[in-house]
Amino acid sequence: MRAPNPDPETRKVNLFDPEVARCPQAVYTRMHTQCPVARASLTNSPVMSRYEDVIQALRNPALFSSEMELQMALGTERPMIPQQLDPPLQTRYRKLLDPHFSRRKMAALEPDMRRYANELIDRFVENGACDFDPDFAIPLPCTVFLRLAGLPLEDLDLFLELKNGIIRPHLKTKSIDLEVNKNARVESGRQIYAYFERVVEDRTLQPRDDLMTQLVHAEIDGEKLSRNDILDICFLLLLAGLDTITATLGCNIAYLAANPQQRRRLVAKPELIPNAVEELLRWETPVTGVPRLAREDFSIGGIDVKAGELVTLLLGAADVDADEFDEATRVDFERARNRHLAFGGGPHRCLGSHLARMELRVAMEEWHKRIPEYAVAPGRQPRYSPGIREVLELPLVWPAP
Ligand code: HEM
């Protein structure tokens, strides 16, 4: 049993420190021994790092609420469904949505997914070099999502622009001013609502065999979803389903570029890829943490949490907790028991996990079939972002065929 450190100063953690971006696992492991519950140095809000604490909190929405759309300021006009709702309302929407994202339904997308991956690789394989995100990891999940939703593939660039307007408004505003970027998010939010409103209109008049039509006709307890319900679901799918895959693919390929022995094992034994996908999700945990709103006062690990405080559940730290994982800091593609929290847990566990797993597996299989040997371009170092863990630039090179 590890005793928490009583010194308030060492109970602070700066999640935006460049060291966290460079080597989060070392910071997380230090937290486990020194301050399993800390306070964020920038916001002073509580941060939980132990697997057991994090999973208990994820499973207890009555105390750790997700109803905090105002605090998140993501350009929305209403809560995103189902992520910013608590049970029992959230459960009603999940019952409706889960069947549309089942393993079986997602498996049906696999042949198209393989084709898209290969079409992208065709464009650069003979160059012996690519810029991994713009050339592969960004367009791939977006194309799959458009195909799933039944939206025109020509909307790819527009979709990326809308999503970036919320996630990276500074790229458009060229400003770091919080107010400027908040306003830009609101404007992008309006465009996202307007885009999906047009699609809903179209599918109401001309039903098709796609997810958007299914949402238009979906019912909860005999009642159709309202137009706003559909828009609030689509807004979330756009934010949750694209960058997460891009970030995970980037982390995986950067890890394998830096660890050629592990990469060669995967190339020699592609049957290890599904397990490697899980292990890299655990090790990298790209959604490093999720926020929750404390509903009551309580104490945990020597920290007093007040009702109304935002609490960060540090999924990435939970995923390297030695109390849960054998040899937690070793990346083992044959790990037998791996209950990682990269997709969260409890009622909000990722709706798109079957889709994500299929996309990651297929992308890793097709990439390594065609480009088994690769490295980061000479003189370049991958730089990681804090928050969502992603590689900011990943220029790759390989022997051209
Ligand atoms: C590797 C890729 C992905 C990762 C690491 C990931 C991670 C997560 C995590 C950690 C949560 C929990 C959030 C919370 O507890 O507040 C979540 C929720 C969610 N994810 Fe994913 N996700 C991925 C891909 C996707 C995809 C492809 C989609 C959809 C197309 C998706 C849709 C959602 C939705 C709708 C929720 C909210 C579920 C709810 O609140 O009931 N995700 N995801």
Side-chain angles (χ1 to χ4, degrees), residues 48 54-55 57-61 64-69 71-72 74 79-98 100-103 105-106 109 113 137 140-149 151 159 163 211-212 215 229 232-252 277-293 310-319 340-364 387-390:
M48 290 163 49
V54 169
I55 195 152
L58 289 169
R59 288 176 179 161
N60 186 355
F64 294 91
S65 168
S66 293
E67 296 193 343
M68 55 191 155
E69 83 275 11
Q71 287 86 345
M72 301 314 287
L74 285 172
M80 290 189 288
I81 296 177
Q83 194 174 10
Q84 293 179 327
L85 302 176
D86 287 339
L89 187 54
Q90 181 260 358
T91 319
R92 287 157 54 94
Y93 287 106
R94 280 301 293 251
K95 276 201 184 133
L96 179 138
L97 290 169
D98 280 342
H100 295 292
F101 289 86
S102 67
R103 192 192 307 262
K105 283 242 165 104
M106 298 306 104
L109 295 173
M113 164 82 200
L140 189 60
C142 195
T143 309
V144 174
F145 182 80
L146 289 168
R147 159 78 178 72
L148 166 73
L151 300 170
F159 236 64
K163 164 195 73 101
L211 178 65
M212 290 306 302
L215 289 178
D229 280 350
D232 299 337
I233 292 169
C234 292
F235 204 115
L236 174 60
L237 291 177
L238 181 65
L239 292 198
L242 307 181
D243 273 47
T244 44
I245 303 273
T246 301
T248 309
L249 279 174
C251 287
N252 289 2
V277 164
E278 295 307 312
E279 180 65 345
L280 289 171
L281 275 165
R282 179 188 77 84
W283 180 245
E284 302 285 351
T285 309
V287 179
T288 55
V290 292
R292 293 291 188 266
L293 196 66
L310 275 186
V311 181
T312 299
L313 311 180
L314 210 48
L315 304 175
D319 278 348
H340 67 74
L341 300 180
F343 291 120
H348 290 279
R349 192 178 177 286
C350 179
L351 173 70
S353 65
H354 296 303
L355 176 59
R357 285 188 161 124
M358 185 275 285
E359 290 196 46
L360 295 171
R361 174 175 54 78
V362 169
M364 296 273 282
I388 293 282
R389 178 165 171 74
E390 61 180 343

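Each ligand, and each atom within it, is numbered from 1 in the order the structure gives.
Here the heavy atom of the protein found nearest to atom 13 (C) of ligand 1 is Q83 NE2, 3.3 Å. The protein non-hydrogen atom at the shortest distance from atom 38 (C) of ligand 1 is R94 NH1, 3.3 Å. Here the heavy atom of the protein found nearest to atom 1 (C) of ligand 1 is T248 OG1, 3.2 Å. Protein heavy atom in closest approach to atom 40 (O) of ligand 1: H348 ND1, 2.6 Å.
Residue contact check: A342 has heavy atoms under 4.0 Å from atoms 5 (C), 7 (C), 10 (C) of ligand 1. The L355 neighbourhood of ligand 1 comprises atoms 27 (C), 30 (C), with distances under 4.0 Å to a heavy atom of that residue. Distances below 4.0 Å separate heavy atoms of L315 from the following atoms of ligand 1: 10 (C).
In this structure, H100 and M106 approach most closely via the heavy-atom pair O-CE, 3.2 Å. Nearest heavy atom pair, residue F64 against residue M48, reads CE2-SD, 4.2 Å.
Counting only distance, with no hydrogens or angles, the side chain of H348 and the backbone of L85 share a donor-acceptor pair below 3.5 Å. At least one donor-acceptor pair closer than 3.5 Å links the side chain of T244 to the backbone N or O of A240. The closest donor-acceptor contact from the side chain of S65 to the backbone of E67 lies under 3.5 Å. Although no hydrogens or angles enter the test, the distance criterion places a donor-acceptor pair under 3.5 Å between the side chain of Q90 and the main chain of P347. The backbone N or O of M80 lies less than 3.5 Å from a partner atom in the side chain of Q84, making a donor-acceptor pair. Panel note: side chain D319, backbone W283; no donor-acceptor pair is recorded below 3.5 Å. At distances below 3.5 Å, at least one donor-acceptor pair connects side-chain atoms of R94 with backbone N or O atoms of R349.
The side-chain heavy atoms of L215 and L97, taken from C-beta on, include a pair separated by under 4.5 Å.
When heavy-atom distances to ligand 1 are checked against a 4.0 Å cut-off, L236 comes that close only through its side chain, counted from C-beta outward. Contacts between E359 and ligand 1 below 4.0 angstrom, taking non-hydrogen atoms only, are absent altogether. Contact annotation for L148 and ligand 1: no heavy atom of the residue comes within less than 4.0 Å of the ligand.
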* R292 and L313: side-chain contact (heavy atoms from CB on, under 4.5 Å), yes or no, with the steps? -> CA-CA 7 Å; R292 293 291 188 266; L313 311 180; 3.7 Å; yes
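Among protein atoms, those of element N, O or S found less than 2.8 Å away from atom 21 (Fe) of ligand 1 are C350 SG.
Checked against a 3.5 angstrom limit, the closest N/O atoms of S66 and ligand 1 fall outside it. Taking only nitrogen or oxygen atoms, main chain and side chain alike, R292 reaches within less than 3.5 Å of ligand 1.
Around NZ of K95, the count of heavy atoms belonging to other residues, nucleotides or ligands within 6.0 Å does not exceed 12.
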